[in-house]
Number of protein chains: 2
Amino acid sequence: MDGSGEKKPAKRRSQDRVLQRDPERTRAAILEAATREFAENGMGGARVDAIAERAGTNKRMLYHYFGDKEQLYLHVLEEAYVGIRTAERELHIGDRSPEEGIAELALFTWRYFHKHPEFLSLLGTENLHRARWLRQSVRLKELHSHLIVELTEVLDRGKKAGVFIESADPLNVYLTIASLGYFYISNQYTLSTIFGRDLADTGNLDAWERHIVHVTLASIKA
Amino acid sequence: MDGSGEKKPAKRRSQDRVLQRDPERTRAAILEAATREFAENGMGGARVDAIAERAGTNKRMLYHYFGDKEQLYLHVLEEAYVGIRTAERELHIGDRSPEEGIAELALFTWRYFHKHPEFLSLLGTENLHRARWLRQSVRLKELHSHLIVELTEVLDRGKKAGVFIESADPLNVYLTIASLGYFYISNQYTLSTIFGRDLADTGNLDAWERHIVHVTLASIKA
DNA sequence: CCGGCCAGTAACTAAACAGTTACTTGATGA
DNA sequence: TCATCAAGTAACTGTTTAGTTACTGGCCGG
C-alpha cells in the first residue's frame with residue numbers, strides 16, 4: 001500500500017505515545033473500564049467506544065480480548081460476583097457466638113455493598129434482563145453454596161443453644177440482610193429526593209448499619 | 001412534490017385502517033406503551049420506534065404529545081409514583097390496632113410491588129441515573145408526605161400503648177418494609193439462578209410475605 | 001361551503017453505534 | 001538477521017437511532 005519509503009508518520013507516533021505491549025495490563029484496564037461503564041450506564045447505555053477510551057486503548061483490543069460487547073459484559077459480571085464471594089470466604093462467622101456471627105455477616109454485607117455500589121448496579125442491570133447472561137455463565141455455579149452452608153451451621157448452633165427460633169431459615173436470613181443493604185444503597189437517589197433527607201450522610205449511614213444488625217437479630221431471636 | 005392529481009394512495013389507506021382521531025386515547029396508549037418499553041429495557045435500551053409501534057401509532061404523535069424521549073420517560077415515572085401513592089391513600093392504617101396497621105402497610109406494599117414490577121424497574125432505572133429526571137419533576141414534591149405522617153401517628157400510638165419500642169422511626173420502618181419487598185421482586189432472577197430456587201414459586205412468595213410482616217413487627221416490638 | 005386547524009402518516013436525515021479491515025510496530029527464536 | 005506472530009492503531013462500514021419534514025384528511029366556526 002505504501003512502499004514510498006516514508007516512515008515518518010509511524011515513527012513520530014511511537015515517540016508521542018509510549019507503546020505498552022503488555023497484554024495483561026491492557027486486558028485488566030479494559031475490564032476495569034468496562035465495569036465502570038456498564039455500572040454507570042447499564043447494558044443498553046454503555047458505549048464500546050467509551051470503554052476503549054477509558055481503558056486508554058481502542059476498540060480493536062476490546063474485541064480481540066473479549067469477543068464482543070455481551071461477552072465483555074459477562075466477564076465483568078462474573079468478576080464482580082467472584083469479588084464479593086471471595087471476600088466473604090475470608091470472614092469466619094462460625095468462630096464466635098451465633099449472634100456475633102450473624103451480626104458479622106450483616107456488617108460485612110452492608111459494608112461491601114457500600115464500598116462497591118458498582119456491584120449493585122451490575123446486579124440491577126442483570127435483573128432488568130432477567131438474568132439473561134448470568135444464566136449462561138459456567139463459572140458461577142458452585143460459587144455461592146459456601147455462604148449458605150456456613151450460615152446454616154451458625155443458625156443450627158444458635159437454635160441448639162436456644163437463642164434463635166426454630167423457624168429461622170438460612171436463605172431468608174441472607175435475603176433479609178441483603179435486602180436491607182441493597183435497597184438503601186441502590187435506591188438512595190430517589191429516596192433522598194422524595195423524602196428530602198440525604199441518605200448518603202454519614203450519620204444516616206451509621207444509623208442504617210445499626211438498624212440492619214438490629215432487624216436481622218430481632219427477626220430470629222428466640 | 002406530487003400535484004399529479006392522483007389521490008388514490010391516501011384514500012386507499014384511510015379505508016385500510018380506521019382513523020382514530022381520539023387524542024385522549026392516543027396519548028394514553030403512548031404512555032402505557034412507553035411504561036412497558038422503559039420498564040423492560042431501561043432508558044438506554046428503550047427504543048422510540050418500539051414505543052410508537054406498541055402504542056399502535058407512530059413517532060410523530062409521540063413527539064407531538066410529549067416533546068422528546070426524556071420528557072416521555074419523566075411522564076411515565078411520575079405516573080408510576082402517582083399510582084402507588086394514590087393506592088396507598090385508600091388504606092387507612094390508623095383504623096385498627098398499631099400492630100395491625102403496620103402489618104397492613106407491609107402487606108399492601110409487598111402486594112403492590114408484586115403486582116407492579118414495572119414500577120420497581122422504573123425505580124431501578126431512575127437510580128442508575130442518580131434520580132436525574134425525578135429531581136427535575138415539579139409534580140412530585142408533596143406526594144409522599146402523607147405516608148410518613150400517617151405512619152408516624154400509628155407508631156406514636158403503639159409507643160404510648162407500650163407495644164412498640166421508643167426508638168422506632170417512621171422512615172426506617174417504611175424503608176425496612178420497602179427493602180424487603182423491593183429486593184425480593186427486583187432481584188428474583190439473579191437470586192433464583194445463583195441459589196437454585198425459584199423465588200417466583202407461589203409457596204416461596206407466600207412465605208416471603210409472612211416473613212416481611214414478621215421481620216417488620218419483630219424489629220419494633222417492645 | 002370553505003379556510004384554517006388539529007390528528008395522524010410515512011418517508012427522510014444526520015449522528016451515533018457495534019463491529020471490521022488494513023495496516024504498523026516490536027520482540028523472539030531459528 | 002530476518003521471518004513470524006502477537007500487540008496495537010486508526011480509519012472505515014453498514015445499520016440503527018432520535019428526531020424532522022412534508023404531507024393527508026376530517027371537522028367546525030363563520
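B:Glu24 has its CD atom 16 Å from the C1' atom of C:dG8, to the nearest Å. In this entry the distance linking CZ of A:Arg60 with C1' of C:dT20 reads 8 Å, nearest Å. The separation between B:Phe66 atom CZ and C:dG8 atom P is 12 Å, rounded to whole Å. In this structure, CZ of A:Arg27 is placed 17 Å from C1' of D:dG8, rounded to the nearest angstrom. If you take CE of A:Met61 and C1' of D:dG8, they are 5 Å apart, rounded to a whole angstrom. Atom pair A:Gln71:CD and C:dA18:P shows a separation of 16 Å (rounding to whole Å applied). When rounded to the nearest whole Å, the span between CG of B:Leu62 and C1' of C:dA7 equals 15 Å. If you take CD1 of A:Ile51 and P of C:dG19, they are 11 Å apart, rounded to a whole angstrom.
Taking the centre of each ring, A:His129 and B:Tyr189 stay at or above the 6.0 Å mark. If you look at B:Tyr81 and B:Phe119, their ring centroids are closer than 6.0 Å.
Side-chain N/O atoms of A:Asn58 include one lying less than 4.0 angstrom from OP1 or OP2 on D:dT9. For the OP1/OP2 pair of D:dG8 and a distance below 4.0 Å, the side-chain nitrogens and oxygens of A:Thr57 include no atom meeting the criterion. Residue B:Thr26 places at least one side-chain N or O closer than 4.0 Å to OP1 or OP2 of C:dG8. Residue A:His64 places no side-chain N or O under 4.0 Å from the OP1 or OP2 atom of D:dA6.
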Using a 4.0 Å heavy-atom cut-off to protein, can you give one letter per nucleotide of nucleotides 14-19 of chain D, 5' to 3': B if the base is in contact, S if only the sugar-phosphate is, - if neither? ---SBB
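With sequence neighbours excluded, no residue forms a side-chain hydrogen bond (donor to acceptor under 3.5 Å, both in side chains) with A:His214. Applying the side-chain contact (heavy atoms from CB on, under 4.5 Å) rule to B:Asn58 yields the partners B:Arg60, B:Met61; only residues at least two apart in sequence or on another chain are considered. Residues satisfying the salt bridge (charged side-chain N to carboxylate O under 4.0 Å, His left out) criterion with A:Glu53, sequence neighbours excluded, are absent altogether.
Note on residues 184-212 of chain A: pairs passing salt bridge (charged side-chain N to carboxylate O under 4.0 Å, His left out), not counting sequence neighbours, are A:Arg111-A:Glu209. Residues in residues 76-88 of chain B take part in these salt bridge (charged side-chain N to carboxylate O under 4.0 Å, His left out) pairs, two or more places apart or across chains: B:Glu78-B:Arg139, B:Glu79-B:Arg139, B:Arg85-B:Glu88.
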